[in-house]
Amino acid sequence: MAAQRNRFYLIALVQLCLLLCMSWETEARQIRYSVPEELERGSFVGNISKDLGLEPRELAERGVRIVSRGRTQLFALNPRSGSLVTAGRIDREELCAQSARCLVSFNILVEDRVKLFGVEIEVTDINDNAPKFQAENLDVKINENVAPGMRFPLPEAVDPDVGVNSLQSYQLSSNKHFSLAVQSRVNGVKSPELVLEHALDREEEAMHRLVLTAVDGGDPLRSGTVLISVTVFDTNDNAPVFSLPEYRVNVPENLPVGSRLLTVTATDRDEGANGEVTYSFRKLPDTQLLKFQLNKNTGEIKLSENLDYEETGFYEIEIQAEDGGAYLATAKVLITIEDVNDNSPEVTITSLFSPLMEDSPLGTVVALLNVHDLDSGQNGQVTCSILGNLPFKLEKSIDSYYRLVTHTVLDREQVSSYNITLRATDGGSPPLSTETHFTLQVADINDNPPTFSHISYFTYIPENNPKGASIFSVTALDPDSKENAQVIYSLAEDTIQGAPLSSYISINSDTGVLYALGSFDYEQFRNLKMQVTATDSGDPPLSSNVSLSIFVLDQNDNAPQILYPALPTDGSTGVELAPRSAEPGYLVTKVVAVDRDSGQNAWLSYRLLKASEPGLFAVGLHTGEVRTARALLDRDALKQSLVVVVQDHGQPPLSATVTLTVAVADSIPDVLADLGSLEVPPASDASDLTLYLVVAVAAVSCVFLAFVIVLVALKLRGWHTSRLPQASGGGLGVPASHFVGVDGVRTFLQTYSHEVSLTADSRRSHVIFPQPNYADTLISQESCEKKDPLSLLDDSKFPIEDTPLVPQAPPNTDWRFSQAQRPGTSGSQNGDETGTWPNNQFDTEMLQAMILASASEAADGSSTLGGGAGTMGLSARYGPQFTLQHVPDYRQNVYIPGSNATLTNAAGKRDGKTPAGGNGNKKKSGKKEKK
């Protein structure tokens with residue numbers, strides 16, 4: 001039983017709570033305050049934040065504001081305190097006139113919830129107005145035969161205040177003939193009347209002056225006075241009488257000005273001047289006095305200004321009729337204004353949420369609208385619609401408010417703004433309509449990445465470009481706007497030949513212009529590939545990539561590089577040997593040069609620039625071979641100096657020169673006898689040799705002569721054992737082919753670590769002991785197969801005397817190139833100067849690369865021309881894939897002094913076979929070859 005009772009109480013409690021919540025929700029929508037009039041601006045009215053259930057700081061955050069239509073805003077929100085305050089001085093009499101209650105209604109909008117709250121404020125009256133009469137002086141005319149007790153209407157005082165602050169009583173100054181009586185009408189208006197207490201005697205007193213005072217009931221009391229002048233006339237015992245106490249008329253508000261409204265009529269039974277009646281407005285505000293015109297003689301009332309139902313729908317006018325005597329009569333005229341459809345609807349945009357994000361969900365409120373028509377009834381019924389096919393629709397809200405919401409997805413890239421036209425139409429006949437236009441901007445979101453106009457780009461740039469030069473420009477477009485469309489360009493991280501890409505190329509992040517940070521070298525790299533990234537500034541940022549290839553164009557920026565003869569580095573003079581028995585066309589030497597450029601810039605031509613004996617030697621235009629142009633004569637000097645210029649075919653062409661010294665002799669003794677003429681004369685500023693220097697030179701010379709004798713003996717022994725024919729001439733017969741080496745006689749002499757300068761016409765001699773250079777001599781293929789270059793260099797450090805002398809074999813005919821094996825640069829058949837260049841740039845560049853590699857090896861002293869079989873000395877650097885089967889042989893550029901043959905690799909050796917010809921000794925070691 002107790003459990004059932006508790007359950008009953010619980011159910012009753014829940015129902016009570018629900019009822020209280022529903023009641024509170026109903027009341028929450030209508031907020032009421034009371035405030036007295038004439039308060040200072042900013043005076044507190046009510047705590048609106050508390051009544052709305054919000055904190056004061058939330059008023060601004062939630063967009064709380066007052067919305068009202070077509071009226072000066074009387075109140076404002078204080079966002080600090082969250083209170084409702086006055087926006088200015090409030091005059092209740094101006095606002096509500098004589099209404100018993102003065103209520104001001106408006107709405108408060110909470111924008112983030114799009115919710116409206118009604119607020120009703122009662123403005124209470126204070127005693128700020130004193131009673132006031134329409135005129136300061138009043139003339140009253142009374143016949144002397146008027147009996148005591150006669151009443152004379154007096155003008156009423158007007159007090160705009162209401163209630164106790166309004167007019168409460170009248171007071172009349174003391175007088176023995178008159179008293180004051182106050183009549184209260186049905187509407188509560190008090191009308192003062194002057195009552196005659198005692199009969200008048202004009203002869204005794206023709207003028208009486210009274211003061212009528214009107215007093216209100218406020219605190220403090222306020223009053224107004226009027227001076228009454230009473231004139232006593234002769235007898236007029238009848239007052240005018242109106243035909244009706246009240247006159248009523250209904251007129252449309254569009255009645256033209258000057259139209260007659262009605263005519264009032266009053267009659268007086270007196271005759272003569274006492275019976276003539278005149279009409280006048282007795283009690284009418286100044287605003288209404290201008291709208292109506294009264295004919296004082298006929299009582300006809302006409303319209304003097306346009307009527308407006310929306311301004312005032314009813315007028316109450318009091319008409320006074322006065323005869324020629326002192327009698328008055330009053331009547332009321334009640335004018336009712338009928339509404340006509342003369343006002344178009346009004347559309348007020350209360351809130352406009354622009355710009356609107358393009359990803360706003362369906363049903364998002366775009367604007368809050370208020371639609372109103374000043375007309376009444378059917379004329380004031382308004383319908384609202386949207387013109388055009390727009391992604392919006394109208395939804396009815398409370399009162400006369402509409403919400404404009406989205407009903408399809410927005411896309412700013414398709415439509416960035418909407419020109420919205422709303423049409424409001426009333427229900428009058430004919431109907432009136434109003435169109436309101438406003439623009440809604442669609443805010444952008446970052447939903448589009450930048451896009452390039454092409455899938456990939458390529459461009460060309462000549463080498464040797466200036467630093468900071470503009471290379472190319474890429475452009476990416478982003479259909480978004482503002483920061484979402486602001487594109488930033490960058491280069492993807494990458495490396496080129498071990499260095500970061502950013503050390504070669506930079507890009508302007510704003511314009512997309514690429515700049516070269518340095519000067520490009522076609523010989524270093526020929527193209528660059530990179531990824532350009534375009535990133536917008538949205539959140540989150542979007543990006544896209546595009547590939548860019550930059551091709552470097554070759555320029556003629558490298559002069560030909562002469563590989564042979566190489567410039568001496570030890571101060572010695574390189575000499576080429578030519579026998580006096582050489583026939584025309586004899587191959588003396590060959591100038592070998594390469595150009596690091598490519599294509600036409602690397603095509604080389606050779607010509608003889610200067611010669612000590614013109615016409616003696618000729619240079620192949622394309623081969624660089626130096627041959628005798630005629631037979632050598634006895635009168636030809638032993639020392640011939642030639643200047644050969646090598647020039648490429650670039651624009652402008654670049655060139656290099658080399659000076660060749662050719663020794664014309666049949667045997668070594670001839671060379672040794674005239675060796676002094678080949679040495680550079682000593683400096684003119686050298687000081688005299690001291691005795692010690694002379695002794696030292698003599699000793700060295702003796703040692704050298706002894707060494708030469710021993711050397712010649714060893715050579716003779718070697719020649720004998722090799723069964724070579726002896727040279728004729730009776731001297732030391734040494735064939736010219738024994739001076740085998742890249743540097744000719746200089747190499748031969750350096751092999752034995754001596755160089756002698758003899759001056760025939762000087763009293764001084766100069767002996768030089770240069771360091772041996774064993775790397776410049778030719779090494780046979782067999783010795784290279786037995787030992788690597790490093791071991792050969794190590795072996796060369798032993799004294800020459802420790803090595804037995806072995807006779808040298810004659811040149812092998814298998815060392816000659818076949819016509820098919822000769823490259824086009826310098827290998828034309830039989831030294832023909834009309835040989836053709838390689839057919840394409842690839843062959844030329846391949847040939848240049850191999851010649852440069854060989855030159856580098858020769859310069860480093862780490863390789864010889866006799867490397868592994870078919871490798872041309874390139875296998876140590878480039879691997880076994882570079883064989884004579886794949887690339888042209890450059891060794892045709894190395895010649896054997898004293899022979900018409902150039903160094904070749906026989907086909908038999910290329911194929912791993914034994915050479916078919918030649919009887920040379922194949923067992924010479926590296927050490928012997930260096931001898």
Side-chain angles (χ1 to χ4, degrees), residues 68-72 93-100 102-103 105 158 186-187 189 242-266 279-321 330-348 370-385 399-400 422-436:
S68 61
R69 179 192 57 79
R71 177 181 292 175
T72 302
E93 290 73 30
E94 179 182 356
L95 189 63
C96 300
Q98 297 295 320
S99 299
C102 183
L103 300 177
S105 299
V158 177
V186 179
N187 57 3
V189 177
F242 281 97
S243 59
L244 294 173
E246 286 183 352
Y247 294 87
R248 296 180 179 270
V249 63
N250 295 334
V251 295
E253 62 175 325
N254 59 352
L255 189 68
V257 175
S259 300
R260 187 183 69 87
L261 299 180
L262 78 161
T263 301
V264 295
T265 303
Y279 304 91
S280 62
F281 293 117
R282 184 170 183 267
K283 181 182 180 182
L284 192 66
D286 294 339
T287 56
Q288 298 181 9
L289 186 61
L290 300 176
K291 286 187 176 295
F292 305 102
Q293 180 181 358
L294 176 62
N295 190 319
K296 66 177 182 177
N297 297 319
T298 62
E300 183 182 61
I301 301 176
K302 290 183 178 182
L303 186 64
S304 59
E305 284 187 356
N306 290 322
L307 298 177
D308 190 355
Y309 172 83
E310 290 71 33
E311 181 180 344
T312 304
F314 178 80
Y315 294 93
E316 181 179 345
I317 304 173
E318 191 168 352
I319 304 298
Q320 174 180 282
T330 59
K332 286 184 178 181
V333 177
L334 306 179
I335 302 174
T336 301
I337 309 302
E338 296 178 349
D339 183 37
V340 295
N341 192 25
D342 60 343
N343 290 283
S344 299
E346 298 177 1
V347 179
T348 304
N370 179 263
V371 182
H372 179 72
D373 196 317
L374 295 176
D375 296 326
S376 60
Q378 187 66 25
N379 296 331
Q381 297 296 323
V382 182
T383 57
C384 196
S385 61
D399 296 337
S400 57
L422 299 178
R423 176 178 291 171
T425 306
D426 60 22
S429 180
L432 300 178
S433 62
T434 300
E435 291 184 357
T436 299

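Residue numbers run from 1 in the order of the sequence given.
Applying the salt bridge (charged side-chain N to carboxylate O under 4.0 Å, His left out) test to residues at least two apart or on different chains, the pairs with a partner in residues 302-312 are Lys291-Glu305, Glu300-Lys302.
The heavy-atom pair separating Leu303 from Pro256 by the smallest distance is CD2-O, 3.6 Å. Thr298 approaches Thr263 most closely through the heavy-atom pair O-CG2, 3.3 Å. Between Tyr279 and Asn297, the closest heavy-atom pair is CE1-O, 3.7 Å.
Screening Glu318, Glu316, Glu246 for a side chain to side chain donor-acceptor pair (under 3.5 Å) involving Lys332 leaves a single residue, Glu316. Of the options Phe292, Tyr247, Phe314, a side chain to side chain contact (heavy atoms under 4.5 Å, CB included) to Ile335 is made by Phe292 and by none of the others.
Looking at heavy atoms from C-beta onward, Phe281 lies out of side-chain contact with Gln320 at the 4.5 angstrom threshold. Taking 4.5 Å as the limit, every side-chain heavy atom of Val251 sits out of range of all side-chain heavy atoms of Glu338. With contacts defined as side-chain heavy-atom distances shorter than 4.5 Å, the pair Leu261/Leu255 qualifies.
Going from atom CG of Asp373 over to atom CD of Glu346 covers 7.5 Å, rounded to the nearest 0.5 Å. How far OG of Ser280 is from CG of Asn295: 12.0 Å, rounded to the nearest 0.5 Å. Note: Cys96 SG to Leu103 CG = 7.0 Å, rounded to the nearest 0.5 Å.
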If you apply the rule side-chain contact (heavy atoms from CB on, under 4.5 Å), what do you find for Asn341 with Asp426, and how did you get there?
CA-CA 9 Å; Asn341 192 25; Asp426 60 22; 2.9 Å; yes
Test log, rule side-chain contact (heavy atoms from CB on, under 4.5 Å), inputs Glu253 and Asp342:
CA-CA 9 Å; Glu253 62 175 325; Asp342 60 343; 3.0 Å; yes
What do the steps show when you test Tyr315 against Leu334 for side-chain contact (heavy atoms from CB on, under 4.5 Å), and what is the final call?
CA-CA 6 Å; Tyr315 294 93; Leu334 306 179; over 6 Å; no
Go through Asn379 and Asp339 one step at a time and tell me if the side-chain contact (heavy atoms from CB on, under 4.5 Å) criterion holds.
CA-CA 8 Å; Asn379 296 331; Asp339 183 37; 3.6 Å; yes
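Distance alone, capped at 3.5 Å, is enough to place a donor-acceptor pair between the Thr434 side chain and the Pro345 backbone. Tyr309 places no side-chain N or O within 3.5 Å of a backbone atom of Pro252 that could act as its donor or acceptor partner. Within the 3.5 Å criterion, the main-chain N or O of Asn343 finds a donor-acceptor partner in the side chain of Asp375. Side chain of Ser433 to main chain of Ala424: no donor-acceptor pair is present (N/O by atom type, distance under 3.5 Å, no hydrogens or angles). Side-chain atoms of Ser304 come within 3.5 Å of backbone N or O of Leu290 as a donor-acceptor pair.
The environment of CZ in Arg260 is crowded: more than 12 heavy-atom neighbours from other residues, nucleotides or ligands sit within 6.0 Å.
Residues meeting the salt bridge (Lys or Arg N to Asp or Glu O under 4.0 Å) test with Glu435, sequence neighbours left out: Arg423.
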